Each structure stands twice: as structure tokens, then as C-alpha cells.
Protein chains: 2
Amino acid sequence: MSLRHAVLGLLAHHPGSGYDLLKKFRLSLANVWPATQSRLYGELGKLLEAGLIEVTDVGARGRKEYAVTDDGRAELLRWMTSPQEDPPFRSAQLLRVSLLGQQSPAGARGYLHSLRLHAELEHSRYQQIRDAYDWSGSDGFFARLALENGLRFTRMEVDWADWALGRLDRRPGQ
Amino acid sequence: MSLRHAVLGLLAHHPGSGYDLLKKFRLSLANVWPATQSRLYGELGKLLEAGLIEVTDVGARGRKEYAVTDDGRAELLRWMTSPQEDPPFRSAQLLRVSLLGQQSPAGARGYLHSLRLHAELEHSRYQQIRDAYDWSGSDGFFARLALENGLRFTRMEVDWADWALGRLDRRPGQ
DNA sequence: TCCATCATGTAACCAGTTACATGATTTC
DNA sequence: GAAATCATGTAACTGGTTACATGATGGA
């Protein structure tokens with residue numbers, strides 16, 4: 001249940017409409033917690049019903065501006081220190097690796113290669129983001145931390161794939 | 001839609017009942033693609049209906065032994081080279097980091113500390129698994145690759161947390 | 001005989017996806 | 001006047017969770 005908290009966090013930073021939030025999800029939060037438009041509006045409705053946000057303004061074209069309530073801010077802080085309720089870790093990539101024994105040796109090698117390539121592309125994508133922005137503002141500080149995590153993660157994936165490919169080559173028996 | 005492929009992969013390796021599979025999910029696959037009992041039985045039903053698996057034996061206590069069909073094997077191979085249909089990446093941890101600006105500086109530091117601690121515990125848990133098993137068999141080869149990914153990931157998280165904490169300390173202005 | 005384990009399922013609910021639907025306002 | 005953008009929503013479906021429910025069998 002984290003889309004809820006992403007919304008609370010964004011609205012705590014600055015009030016806005018569903019449409020405004022959607023843009024933030026497409027930009028800064030896309031690599032961390034992507035959200036679809038329909039889901040976002042649904043969650044805004046639930047948040048409103050639960051009293052965690054409120055409508056502070058209704059503008060042109062039916063635009064509703066939302067802001068967090070005190071209850072919402074409390075819920076946000078509660079969640080901040082509750083990592084135990086996070087969704088369990090799942091990785092289709094690692095699942096494939098685990099099941100690679102069902103593949104031909106060439107297929108297995110090919111998959112590890114494609115993982116390596118993908119990680120490398122992601123890594124340079126993150127590098128571009130890093131180099132394109134000015135992170136000195138107070139706004140960008142924590143986004144920069146998250147980005148660094150992405151950079152290091154993709155770097156790790158490339159290194160790991162190299163290690164795995166090496167081990168596969170030196171594999172005893174077949 | 002990957003529980004489906006986890007099941008196909010396990011059954012392709014060796015036929016078995018839902019109960020058998022459940023044990024494998026609790027042991028080897030728990031860190032990669034956890035599954036609940038109810039979901040697993042549900043998926044077996046769907047797989048059967050779709051003709052990707054078949055019942056090869058009915059034993060005591062209503063035990064049904066399943067095996068993959070040719071269609072199932074084909075589907076497994078198709079999925080193996082289709083990473084584009086994987087679920088989108090989401091991380092509640094990184095979402096928290098991104099929203100850490102809503103916290104007090106002490107709260108932010110505390111959260112990064114707790115992340116570091118958690119990563120360290122996970123790392124030593126993986127180390128214990130690595131040291132407790134004999135990975136030389138053909139069976140364990142790919143599981144060992146997945147485990148190494150976990151080891152490197154948790155290592156990366158610890159290093160990243162240290163880097164982030166250092167940056168937080170040296171943060172200009174407040 | 002009792003307990004652990006084997007063994008399978010259902011029901012209610014929550015989170016997320018894709019596709020569909022509608023209409024107002026601004027800008028060229 | 002047409003097109004882009006602003007703006008909000010609904011419906012059908014899939015995947016996942018927790019909790020509930022039931023019963024057989026083997027060994028102490």
C-alpha cells in the first residue's frame with residue numbers, strides 16, 4: 001500500500017491536483033514507484049474518503065486541488081518508519097536465472113548477456129539523468145540519493161553478469 | 001504473470017504435487033519469487049485449464065502429481081526470452097528515500113541507518129546460506145548465481161547507505 | 001488416541017493494468 | 001475551427017494477500 005504514501009508525500013511537499021501529481025509520477029517518481037492515471041485517481045478518492053487529504057480548491061475544468069490533512073501527515077510519518085509492511089521482494093530476472101537450468105547452455109549464456117546489456121543501458125540512462133540536472137537545491141538532494149542507488153545497482157548488475165558468465169565458461173562438466 | 005513460470009520451471013525440472021512445489025517455494029525460491037499456498041493452488045488450476053500442465057498421477061489423500069505438457073514447455077521457453085513483459089520496477093525503500101525531505105534531518109539520518117543495518121543483516125544471512133550448502137552439483141549452479149546477486153546487492157546497499165550518510169553530514173545549509 | 005504432517009481448496013479483499021469515455025480550455 | 005493539453009473518471013480483469021475450512025494418514 002505505497003502509492004498511497006507516494007501521494008501523501010508529494011502533496012505534503014506541495015498541494016496539487018491529480019493531473020499535477022501525474023506529471024510528478026511520470027518524471028521524478030517513474031523509476032521508483034510508477035503509477036497509472038486511473039490508479040492515481042482511484043487512490044485520491046480513497047485518501048479523501050479516509051480523511052488523509054482534503055480538497056482545498058476547485059478550479060477551471062473541474063480541477064480539484066488536494067492538500068494533506070493532519071491525519072495524512074501523521075500517516076506519512078508512521079509509514080516512513082514501517083519498512084516491515086513493504087511488499088515482499090520479487091525479481092523476474094532472478095527467477096529466470098534460477099530456472100536457467102531448463103535452458104540450453106547457449107540459451108543460458110545468451111540470457112546472461114542480455115541482462116548485462118540491459119543493465120549497461122540502464123546505467124548510462126541514469127548517468128544522463130545525473131549529468132542533465134542541477135542537484136544542488138534542497139529539492140533534489142534525496143532524489144540524488146535515490147538516483148545514486150540506481151547507478152550503483154546497474155553497475156553491480158553488469159559486474160555480476162560478468163562474474164556469472166565467467167563462471168559459466170569455467171563450469172565443470174558440460 | 002511469473003508465478004505461472006516459476007511453477008512451469010519447477011515442474012519442468014521435476015514433476016510434483018502442489019504440496020511439493022510449496023516446499024520448493026519456501027526453500028529455494030523464497031528469496032526470488034515468494035508464493036502463498038492459496039495462490040499456488042489457484043495457479044495450478046489455471047495452468048491445468050490452459051493445458052500447460054497435466055495430472056500424471058493421483059495418490060493418497062487426494063495428492064495430484066503434475067507434469068508440464070509440451071505446450072507448457074514451449075510457454076516456459078517463450079517467457080525465458082521475454083523480459084519486456086516483467087512487472088515494472090517498484091521500490092518502497094527508494095520511495096521513502098525520495099520522500100525523506102518531509103522528515104526531520106534526524107529522522108532522515110535514522111532511516112538511512114536502519115537501511116544500512118537491514119542490508120547488513122541480509123548480507124550475512126546470504127553468507128550463511130552460501131557457506132551452508134554444497135553448490136557443486138548441476139542443480140545448484142544457477143541458484144548460486146542468484147545467491148551471488150543477492151550478496152552483491154546487499155553489499156551495494158551497505159556501501160550506498162554509507163555514501164548517503166556521508167553526503168547527509170556534509171550537506172550544505174541545514 | 002493424539003499430534004504432526006500431508007494435502008487441497010474457497011472467500012473476501014486490495015493493488016495494479018489496460019482500455020474506454022467524456023468534456024473544457026488554450027493556442028495556433 | 002482544429003489540435004494539443006488540461007482534467008477527471010469508470011469497467012473489466014489479473015495477480016496477490018490473509019483468513020478460513022476440511023480431511024487423510026503415519027508414527028509416538
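Order of the sequence lines fixes the chain letters, A, B, ..., with proteins taken first and strands second; residue numbering starts at 1 for each chain. No experiment lies behind these values; they were computed from the predicted model shown.
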If you look at every strand shown and take non-hydrogen atoms under 4.0 Å, does [X] touch a base, only sugar-phosphate, or nothing?
| X | result |
| --- | --- |
| Arg4(B) | nothing |
| Leu3(B) | sugar-phosphate |
| Arg63(B) | sugar-phosphate |
| Ser17(A) | sugar-phosphate |

[X] has a side chain; which of [options] sits nearest to it?
| X | options | value |
| --- | --- | --- |
| Asp20(B) | dT8(C), dA7(C), dT8(D) | dA7(C) |
| Pro88(B) | dT8(D), dT17(D), dT17(C) | dT17(C) |
| Lys64(B) | dG9(D), dT8(C), dA15(C) | dT8(C) |
| Ser38(A) | dT8(D), dT25(C), dT17(C) | dT17(C) |
| Trp33(B) | dA7(D), dT5(C), dG16(D) | dG16(D) |

Donor-acceptor pair, side chain of [X] and main chain of [Y], under 3.5 angstrom:
| X | Y | result |
| --- | --- | --- |
| Thr69(B) | Gly51(B) | yes |
| Ser124(B) | Gln127(B) | no |
| Ser17(A) | Asp20(A) | yes |

Does Arg171(A) make a cation-pi contact with Phe141(B), if we ask for NZ or CZ under 6.0 Å from the ring centre and within 45° of the axis?
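Pair Arg171(A)/Phe141(B) counts as cation-pi.
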Measure from NZ or CZ of Arg96(A) to the centre of the six-membered ring of Trp79(B), then state whether that distance is under 6.0 Å and the direction lies within 45° of the axis.
yes
Should [X] be listed as having a side-chain N or O under 4.0 Å from OP1 or OP2 of [N]?
| X | N | result |
| --- | --- | --- |
| Tyr41(A) | dT8(D) | yes |
| Lys46(B) | dG15(D) | yes |
| Thr36(B) | dT17(D) | yes |

Starting at atom [atom1] of [X], determine the distance to atom [atom2] of [N], rounded to an integer number of angstrom.
| X | N | atom1 | atom2 | value |
| --- | --- | --- | --- | --- |
| Gln37(A) | dT10(D) | CD | C1' | 10 Å |
| Arg39(A) | dG16(C) | CZ | P | 5 Å |
| Glu43(B) | dT8(C) | CD | P | 16 Å |
| Arg90(A) | dG16(C) | CZ | C1' | 13 Å |
| Gln84(B) | dT17(C) | CD | C1' | 17 Å |
| Leu44(B) | dA7(C) | CG | P | 14 Å |
| Tyr19(B) | dA4(C) | OH | P | 13 Å |
| Leu40(A) | dA7(D) | CG | P | 13 Å |

Within a radius of less than 6.0 Å around CG of Asp169(B), do more than 12 heavy atoms belonging to other residues, nucleotides or ligands occur?
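Enclosed.
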5' precedence on DNA chain C between Lys23(B) and Arg61(A) (nearest-nucleotide basis):
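Result of the comparison: Lys23(B).
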